[in-house]
Amino acid sequence: MNINITDVFFDLDHTLWDFEKNSALALENVFKMQDISIDMSDFLQLYIPINREYWERYRKDEIDQNELRFGRLKDTFDLMELVIDDHVIVYLSEQYLHYLPKYNHLYEGAIEILDYLRPKYNLHIITNGFAKIQENKLNNSSITHYFKTITNSEMAGVKKPNAKIFDYALNLAETKKENSIMIGDCIEADVGGALDAGMDAIFFNENKVPVAENIKQVNHLLELKKYL
């Protein structure tokens, strides 16, 4: 426990907001609306790692938003040997992003840990997600009021793990890096990025992947109480 911590920064997707569950529900709804018959289990088995790969490429500025949105669906359909016109894929992508924030399952313990932390710390968000969609996720899941500031990559002009987005967030929060800690699910973007920027960090290690012993980690959000 660092007694000097005054400000706690959270990632949103895969940390507080259950992206995989909400994404699956949104995709299933969109496919049904467009009369696309598809086995969701088979689709998700392919789509989830493809989506992660595309987000990693997006984070590294190898592709733009449109390439991410189109490519992750196109590649999955191709692997499933489904022939779907490109203009239909574009439309499906648009509809997916429209419906995604309407499903708002949070991780178990999310509200409890936010209620526990808010009286003790200033809480903030740092996300690489698209600004308007992230805003809708926060509002629709009724957790916006917990956070003093919300920083996204469009505001900062760079994405995690770039130190500039952490500097931007710290300035917006009017706090110092030595008084701040970052919590997120991505060891490179959230934890590595924060540490490189001079902040402390906690890895939300939901899948219990092996990490270096010096990395603070939790497997459940309520375990944050042992650090904060």
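The residues of the chain are indexed from 1 along the displayed sequence. Everything quoted here is computed from the prediction, not taken from an experiment.
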**Request:** May I ask you to test the Asn4-Glu178 pair for a side-chain heavy-atom distance under 4.5 Å?
**Result:** no

**Request:** Flag the pair Arg52 and Glu56 as a salt bridge only when some basic side-chain nitrogen lies within less than 4.0 angstrom of an acidic carboxylate oxygen.
**Result:** no

**Message:** If we check side chain to side chain contact (heavy atoms under 4.5 Å, CB included) with Arg72, which of these qualifies: Ile50, Ile89, Ile48?
**Reply:** Ile50

**Prompt:** Which atom pair, heavy atoms only, marks the closest approach of Phe9 to Ala173?
**Reply:** CZ-CB, 3.8 Å

**From CG (Leu25) to CG (Asp18), nearest 0.5 Å** = 9.5 Å

**Prompt:** Using 30° and 60° as the class limits, which term best fits the ring planes of Phe147 and Phe10: parallel, tilted or perpendicular?
**Reply:** perpendicular

**Prompt:** Any idea which heavy atoms bring Tyr47 and Ser23 closest together, and the distance?
**Reply:** CE2-OG, 4.1 Å

**Message:** Once rounded to the nearest 0.5 Å, what's the spacing between atom NZ of Lys32 and atom OG of Ser37?
**Reply:** 11.0 Å

**Message:** Taking transitive links into account, so neighbours of neighbours count too, which hydrophobic residues share a cluster with Phe203 at under 4.5 Å side-chain distance?
**Reply:** Ile187, Val191, Leu195, Val209, Val211, Ile215

**Message:** Rounded to the nearest 0.5 Å, what separates atom CG in Asn219 from atom NZ in Lys208?
**Reply:** 5.0 Å

**Prompt:** Can you hop from Ile133 to Tyr99 via hydrophobic side chains spaced under 4.5 Å?
**Reply:** yes

Anything under 3.5 Å between a donor and an acceptor, one on a side chain of residues 153-168, the other on a protein residue two or more places apart or in another chain? List them.
{"residue": "Ser153", "atom": "OG", "partner": "Asn128", "partner atom": "O", "Å": "3.2"}
{"residue": "Glu154", "atom": "OE2", "partner": "Gln65", "partner atom": "NE2", "Å": "3.3"}
{"residue": "Glu154", "atom": "OE2", "partner": "Ala131", "partner atom": "N", "Å": "3.1"}
{"residue": "Lys159", "atom": "NZ", "partner": "Tyr58", "partner atom": "O", "Å": "3.4"}
{"residue": "Lys159", "atom": "NZ", "partner": "Asp61", "partner atom": "OD1", "Å": "2.3"}
{"residue": "Lys160", "atom": "NZ", "partner": "Asp11", "partner atom": "OD1", "Å": "2.9"}
{"residue": "Lys160", "atom": "NZ", "partner": "Ile126", "partner atom": "O", "Å": "2.9"}
{"residue": "Lys160", "atom": "NZ", "partner": "Asp190", "partner atom": "OD1", "Å": "2.7"}
{"residue": "Asn162", "atom": "OD1", "partner": "Lys164", "partner atom": "N", "Å": "2.8"}

**Prompt:** When you look at CD of Gln34, are more than 12 heavy atoms from neighbouring residues, nucleotides or ligands closer to it than 6.0 Å?
**Reply:** yes

**Message:** Within this structure, what is the SG-CZ distance for the pair Cys186 and Arg59, rounded to the nearest 0.5 Å?
**Reply:** 4.0 Å

**Message:** I'd like to check Tyr227 versus Ile183 (side-chain heavy atoms, cut-off strictly below 4.5 Å). Are they in contact?
**Reply:** no

**Asked** Is a salt bridge present between Lys216 and Asp200, judged by a nitrogen-to-oxygen distance below 4.0 Å?
**Response** yes

**Item:** Where Ser93 and Arg69 come nearest, the two heavy atoms and their spacing
**Value:** OG-CB, 3.2 Å

**Prompt:** Once the angle between the rings of Phe31 and Phe77 is folded into 0 to 90°, is it parallel (under 30°), tilted (30 to 60°) or perpendicular (over 60°)?
**Reply:** tilted

**Request:** Give, for atom CD of Glu28 and atom CG of Leu44, the distance between the pair rounded to the nearest 0.5 Å.
**Result:** 8.5 Å

**Contact check, side chains of Lys74 and Asp86, non-hydrogen atoms, under 4.5 Å** = yes

**Message:** Are more than 12 heavy atoms, taken from residues, nucleotides or ligands other than Lys225, located less than 6.0 Å from that residue's NZ atom?
**Reply:** yes

**Joint hydrophobic cluster, Met182 plus Leu228, side-chain heavy atoms closer than 4.5 Å** = no

**Message:** Using 0.5 Å steps for rounding, measure from the OG1 atom of Thr15 to the CG atom of Asp185.
**Reply:** 4.0 Å

**Item:** Reference residue Ile143; test side chain to side chain contact (heavy atoms under 4.5 Å, CB included); the match among Ile125, Asn104, Leu123, Ile111
**Value:** Ile111

**Message:** Using side-chain heavy atoms (C-beta onward) and a distance below 4.5 Å, is Leu73 in contact with Leu27?
**Reply:** yes

**Request:** Verify the ring-centre separation between Trp55 and Phe130: is it less than 6.0 angstrom?
**Result:** yes

**Request:** Given side-chain contact (heavy atoms from CB on, under 4.5 Å), test Asp7 with His124 step by step and report yes or no.
**Result:** CA-CA 7 Å; Asp7 291 75; His124 313 272; 2.6 Å; yes

**Asked** Applying the side chain to side chain donor-acceptor pair (under 3.5 Å) test to Tyr116, which of Lys120, Glu112, Arg118 qualifies?
**Response** Lys120

**Asked** Just wondering, do Met80 and Ile38 contact through their side chains at under 4.5 Å, heavy atoms?
**Response** yes

**Message:** Assigning hydrophobic clusters by single linkage (Ile, Leu, Val, Met, Phe, Trp, Tyr; side-chain heavy-atom cutoff under 4.5 Å), is Leu117 placed with Met199?
**Reply:** no

**Item:** Test side-chain hydrogen bond (donor to acceptor under 3.5 Å, both in side chains) applied to Thr144 and Asn139, step by step
**Value:** CA-CA 6 Å; Thr144 305; Asn139 289 338; 2.6 Å; yes

**Request:** Applying side-chain contact (heavy atoms from CB on, under 4.5 Å), run through Thr6 and Lys176 and close with a yes or a no.
**Result:** CA-CA 9 Å; Thr6 59; Lys176 298 178 180 179; over 6 Å; no

**Message:** Please find the pair of heavy atoms, one from Asn22 and one from His105, that lie closest to each other, and give the distance.
**Reply:** OD1-N, 2.8 Å

**Message:** Using the rule that Ile, Leu, Val, Met, Phe, Trp and Tyr join whenever any side-chain heavy atoms are under 4.5 Å apart, tell me whether Val30 and Tyr91 fall into a single cluster.
**Reply:** no

**Heavy-atom pair with the smallest gap, counting every atom of Glu67 and Glu62** = OE1-O, 4.5 Å

**Prompt:** How far apart are the C-alpha atoms of Leu100 and Lys137, what are their side-chain angles, what is the distance that settles it, and do they pass the side-chain contact (heavy atoms from CB on, under 4.5 Å) test?
**Reply:** CA-CA 8 Å; Leu100 180 61; Lys137 290 176 183 176; 4.0 Å; yes

**Asked** Is there a donor in the side chain of Asp115 and an acceptor in the side chain of Tyr146, or the other way round, less than 3.5 Å apart?
**Response** yes

**Message:** Within the supplied structure, the quantity of interest is the number of heavy atoms (other residues, nucleotides, ligands) at a distance under 6.0 Å from Lys148 NZ; does it exceed 12?
**Reply:** yes

**Message:** In this structure, would Phe204 and Ile202 fall into the same cluster of hydrophobic residues linked by side-chain contacts under 4.5 Å?
**Reply:** yes

**Prompt:** Under the side chain to side chain donor-acceptor pair (under 3.5 Å) test, which residues partner Tyr107, sequence neighbours left out?
**Reply:** Glu206

**Prompt:** What is the minimum heavy-atom distance between Gly129 and Asn152, and which atoms define it?
**Reply:** O-CB, 4.0 Å

